[in-house]
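Being a predicted model, the structure only gives us computed values, none of them experimental. In what follows, every heavy atom counts, from backbone to side chain, and hydrogens, waters and symmetry copies are set aside.
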Amino acid sequence: LLLFNFMIKNSLPCYGLHPELYPFIGKLYLKAPLKVLFLGESHYLPAAYNHKVGQEWYERSTASYGFTKEALAWLNTAAIIRHDVIESNYKNPAHSIYRNIGKVYGEVFAKGDYPQALEYIAFGNYFLRPAEVCGESIIINGWDEEVRSFQQLAALEKQLQPALIVFVSKKAYESFVRVAQAQGATALLSKAKSVPHPNSAWWNRAIAQYEGRTGKEELKKILHNFTP
């Protein structure tokens, strides 16, 4: 797995400038019964940095911003899942997204509760620039940024080779579909699905477009029925 991580980091240029954004890859991902890459929307910075990061992010390194240690920790999804979710007994409400994903995966594939089940999945964010405002949805800066995010995912998909990609952000999924359709990326489109954000009310609320299933039930259905 160490060699696997090294190959990914060195083949995707964004991680050279922003290593904190590297996705979480569970220790047992390569042995997973179904290799799934889950994708959120974007990273956040503390409110003190609202509107202080723009499109220059793609050309500058994280280090050049002089962020505090706390701010850097907010960007490090892999460390958050590893240290604050899997290895921690404290159930931070902001991190229930990861616990909820892990619980469903563990239930479907009999891999235990979320601390054990998360070791079989990968999780990253689709947009690799922090949102403008802490806790709010990212504002997509035109077609170029959409294409950049898609290309980064396409490169990551080649390295991770997931059987299934599950978006937990409607905005990210719709952006992905726009670019994938424009570029004729039918193979990527065929392995991508979307469910409501696991922190949202829709995770436990019946949804008409899912024939009355909740977000959680829809993810279970996808995992149960997906055949590569």
(message) What's the separation between atom CG in Leu156 and atom CG in Leu128, rounded to the nearest 0.5 Å?
(response) 8.5 Å

(request) Look only at the side chain of Ser175 and the backbone of Lys171, and say whether a donor-acceptor pair between them is shorter than 3.5 Å. (result) no

(request) Output the distance between atom CG (Leu21) and atom CG (Leu75), rounded to the nearest 0.5 Å. (result) 6.0 Å

(request) Under the side chain to side chain donor-acceptor pair (under 3.5 Å) rule, collect the residues that match up with Ser42, sequence neighbours excluded. (result) none

(message) Check the orientation of Phe167 and Tyr126. Use parallel for under 30°, tilted for 30 to 60°, and perpendicular for over 60°.
(response) perpendicular

(request) Among Glu132, Lys170, Glu41, find the one that has a side-chain hydrogen bond (donor to acceptor under 3.5 Å, both in side chains) with Ser137. (result) Glu41

(request) Enter the distance from Asn125:CG to Tyr44:OH here, rounded to the nearest 0.5 Å. (result) 8.5 Å

(message) Between Asn204 and Thr214, is the side chain to side chain donor-acceptor pair (under 3.5 Å) condition met? List the steps.
(response) CA-CA 5 Å; Asn204 295 299; Thr214 65; 5.5 Å; no

(request) Could you grab the distance from atom CD1 of Ile86 to atom CD1 of Ile80, nearest 0.5 Å is fine? (result) 12.5 Å

(request) Please name the residue in the list Phe24, Phe38, Tyr98 that meets the ring pair (Phe, Tyr, Trp, His ring centres under 6.0 Å) test with Phe123. (result) Tyr98

(message) Are Phe67 and Tyr49 an aromatic pair, judged by ring center distance below 6.0 Å?
(response) yes

(request) Report yes or no: does Tyr29 contribute a side-chain atom to a donor-acceptor pair with the main-chain N or O of Leu160 at less than 3.5 Å? (result) yes

(message) Between Glu218 (side chain only) and Arg213 (backbone N and O only), is there a donor and an acceptor less than 3.5 Å apart?
(response) no

(message) Any heavy-atom pair between the side chains of Tyr105 and Tyr114 that's under 4.5 Å?
(response) no

(request) Answer yes when Arg129 and Glu56 have at least one side-chain N-carboxylate O distance shorter than 4.0 Å, and no when they do not. (result) no

(request) Keeping the roles fixed (side chain from Asn50, backbone from Cys134), state whether a donor-acceptor pair exists under 3.5 Å. (result) yes

(message) Closer than 3.5 angstrom, by distance alone: can the side chain of His197 be matched with the main-chain N or O of Trp203 as a donor-acceptor pair?
(response) no

(request) State whether the side chain of Lys193 and the backbone N or O of Leu164 hold a donor-acceptor pair below 3.5 Å, judged by distance alone. (result) no

